[in-house]
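To start, the structure under review is shown below, and the notes come after it.
Values reported hereafter were calculated over all heavy atoms of this structure, with side chains retained and with hydrogens, waters and symmetry mates removed.
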Amino acid sequence: MGLFLGRLSGDIFLFISEDAYCTAKFDMHNRLRRGAWDASIMRWIRKRRTLQTIISVFSIYFWYIGTGFYLHKALPTLMDVRMDVLETLPSVVWKKKKAMDDD
């Protein structure tokens, strides 16, 4: 959501180099001439500075929330390999084998 709002307000282009910004600006100019909806919305938002500021604040907030979620919830869940390591320890394997032999 944060990237989408940043794209619509045009603030996402502030984080790139000057050459890349000029290229993106030229591309947006061409998209506007062709009647692309995203370029029209970005131009409409840029003409209303208060609205652009509000959208920028929400965009940064959503980036912050999304990054925090990814770093503290999603990434550790995907990278947690403790159970795989613990299940392959020799003592655990021996205990499981012994339990199966007793049955």
Side-chain angles (χ1 to χ4, degrees):
M1 186 58 140
L3 289 174
F4 178 71
L5 290 176
R7 172 73 167 85
L8 283 182
S9 68
D11 287 340
I12 200 165
F13 301 118
L14 299 176
F15 299 105
I16 57 177
S17 67
E18 187 66 32
D19 292 336
Y21 176 76
C22 290
T23 303
K25 186 176 178 181
F26 182 73
D27 184 51
M28 277 294 129
H29 176 263
N30 288 342
R31 290 177 63 80
L32 188 61
R33 289 180 64 200
R34 288 189 307 222
W37 64 272
D38 59 335
S40 301
I41 291 173
M42 190 171 81
R43 184 178 66 172
W44 185 81
I45 290 172
R46 285 213 158 188
K47 287 182 180 180
R48 289 145 182 88
R49 298 298 295 171
T50 307
L51 180 62
Q52 183 181 9
T53 303
I54 292 169
I55 290 174
S56 298
V57 168
F58 277 108
S59 172
I60 291 170
Y61 176 73
F62 287 137
W63 276 357
Y64 177 75
I65 295 297
T67 304
F69 173 77
Y70 180 72
L71 288 177
H72 297 291
K73 298 288 184 187
L75 190 62
T77 303
L78 295 173
M79 302 300 287
D80 189 14
V81 294
R82 285 180 288 183
M83 290 308 294
D84 295 334
V85 171
L86 291 175
E87 289 175 357
T88 58
L89 287 175
S91 60
V92 174
V93 172
W94 181 77
K95 189 183 251 186
K96 285 181 182 178
K97 185 178 179 183
K98 187 177 180 195
M100 289 175 66
D101 290 340
D102 289 342
D103 289 337

Residues, nucleotides or ligands: over 12 heavy atoms within 6.0 Å of Arg48 CZ: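 Atom CZ in Arg48 is packed in, count exceeds 12.
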Smallest separation among heavy atoms of Leu51 and Ile45, with atom names: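 Between these two residues, the closest heavy atoms are CD2-CG1, 4.3 Å.
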Shared hydrophobic cluster for [X] and [Y] (ILVMFWY, side-chain gaps under 4.5 Å):
X	Y	value
Phe58	Met1	yes
Leu32	Trp44	no
Val85	Trp94	no
Ile55	Ile41	yes

Nearest 0.5 Å, what's the [atom1]-[atom2] distance between [X] and [Y]?
X	Y	atom1	atom2	answer
Lys25	Asn30	NZ	CG	13.0 Å
Gln52	Thr50	CD	OG1	10.0 Å
Arg46	Arg43	CZ	CZ	12.5 Å

Arg31/Met28 under side chain to side chain contact (heavy atoms under 4.5 Å, CB included): CA gap, chis, key distance, verdict: CA-CA 5 Å; Arg31 290 177 63 80; Met28 277 294 129; 3.7 Å; yes
Heavy-atom side-chain proximity of Met100 to Lys97 below 4.5 angstrom: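 They are not in contact (no side-chain heavy atoms under 4.5 Å apart), so the answer is no.
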Check: Thr23 side chain, Asp19 main-chain N or O, donor-acceptor pair, under 3.5 Å: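 Judged by distance alone, yes, a pair lies under 3.5 Å.
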Check: Thr67 side chain, Tyr64 main-chain N or O, donor-acceptor pair, under 3.5 Å: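 No: the side chain of Thr67 does not pair with the backbone of Tyr64.
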